[in-house]
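Notes follow once the structure below has been shown.
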Amino acid sequence: MMSEQDEIRRDDRYATSRKYASMRGIRAAARLALSETVWNYLHCGTGDEVTARANVSAFDDYLYEVPLFAGVAKPDTSTHFLGEELSFPALTAPFGGGETLFHPDGMLAVGRAAHAAGIRQMVPVAAGHALEEVRAASPAALVFQMTFCGRESHVIDMMHRAKDAGYRYICVTYSPIRQWRERMMEDRFSMPGAGAPSNFGPGKSDPAMLRELLDFTEPRWSWEQAARVIGAAPLPCLVKGITSRVDACAALKAGAHGLYVSNYGGRTIDREPAAITTLAGVRAEAGPDVPIVFDSGIRRGSDIATALALGADAVALGRTCALGLAADGEAGVRRVLELLKDEFWTTLGHLGCASVRDLTPEIFRAPR
Ligand SMILES: Cc1cc2nc3c(=O)[nH]c(=O)nc-3n(C[C@H](O)[C@H](O)[C@H](O)COP(=O)(O)O)c2cc1C
């Protein structure tokens, strides 16, 4: 079997070109750019990383039925999501708490690349740049991600700050317990600057909120509390981490504007099912009109087609964008988005889909 090092050497031919030929080239360049510790941080899941792997491999179970002579020469990849026109159905996922280790420009570079690609960005509260700075760098910064934790007033204050900065949606997440990430534990890797992320401190948000964010002994939140905060929010909220019909129903009852189907790329808890296997059920529960964004396992353009056919309106790109960022900053993320969009375009064309609206479960080969 080829070792990872051999594989990287084999892929050096891609990495020598600024215009990476494929995602493999981006990955090889990112591997060369990052220390092993940061590489592990980027890729790690939790526990045995069963969920992290399954998120990706589960896409192999969705095979297409490709009709002869059905191809479309110039499919339209554009779509509307959250009131915005996207050049293809994708947003960059909120990845923070260390993204400036991939490239010092972090979310600034991601936002600029998203803007150049005609898509939108979701910006994490844990980013290495303040939310205002990211928004000023790019009009693509549409959604601000923050966590249900600590005092409700702190959460609502932060939402107002995001609104004042120009964000149009809030993505709320919930992660009350520390994650069992063995690669990081073995590397003795702790996030540099974890005590002072850019969004807290003088003139920013109350540092008490940061303490609450990092305090895993705080009392847990409930759906009643979430509903109160979503009700008081100055912006429409998407609830992230939905992987069941029960939670989809609860989030909508709590006032969520949209659902974000995700298991955080297997970085929160291991042995959850592959996220893509939960998507159709969530769509069935939510009905046709609720905006749904999906992530966890999107690695190529055909994965975007699969996720849309199973009920997503758009996908979010986490590790793929992080790899682009590590490979070559803004240019690297731009190339990732270009490759994904082009492969998505090709997939649509071969499947005979003139537009994203034609992506339905009928594209899949019926079990024989
Ligand atoms: C390095 C890294 C940092 C992340 N940080 C956050 C975060 O701050 N907030 C959040 O909601 N999700 C975070 N995520 C999860 C991503 O938003 C997304 O759900 C996940 O990457 C999807 O899985 P995939 O990258 O395997 O497709 C992070 C992911 C990575 C890889």
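We use all heavy atoms of the structure for the numbers below, so side chains are in, but hydrogens, waters and symmetry mates are not. Read the numbers this way: they start at 1 and go in the same order the structure lists the ligands and their atoms. The structure presented is a predicted model; accordingly, all values stated were derived computationally and were not measured.
Side-chain N or O atoms of Tyr41 include none that pairs as donor or acceptor with a backbone N or O of Leu101 at under 3.5 Å. Ser302 places no side-chain N or O within donor-acceptor distance of the main-chain N or O of Thr347, the cut-off being under 3.5 Å. In this structure, the side chain of Trp223 does not engage the main chain of Ala251 through any donor-acceptor pair within 3.5 Å. Side-chain atoms of Asn40 do not come within 3.5 Å of backbone N or O of Met184 as any donor-acceptor pair.
A distance of 6.0 Å or more separates the ring centres of Phe148 and Tyr174.
With 3.5 Å as the limit, one finds no donor-acceptor pair spanning the side chains of Glu362 and Thr360.
Closer than 4.0 angstrom to ligand 1 by heavy atom are Tyr41, Leu42, Ala93, Pro94, Phe95, Gly96, Phe102, Pro124, Gln145, Thr173, Lys240, Ser262, Tyr264, Gly265, Arg267, Asp295, Ser296, Gly297, Ile298, Arg299, Gly318, Arg319, sorted by chain and number.
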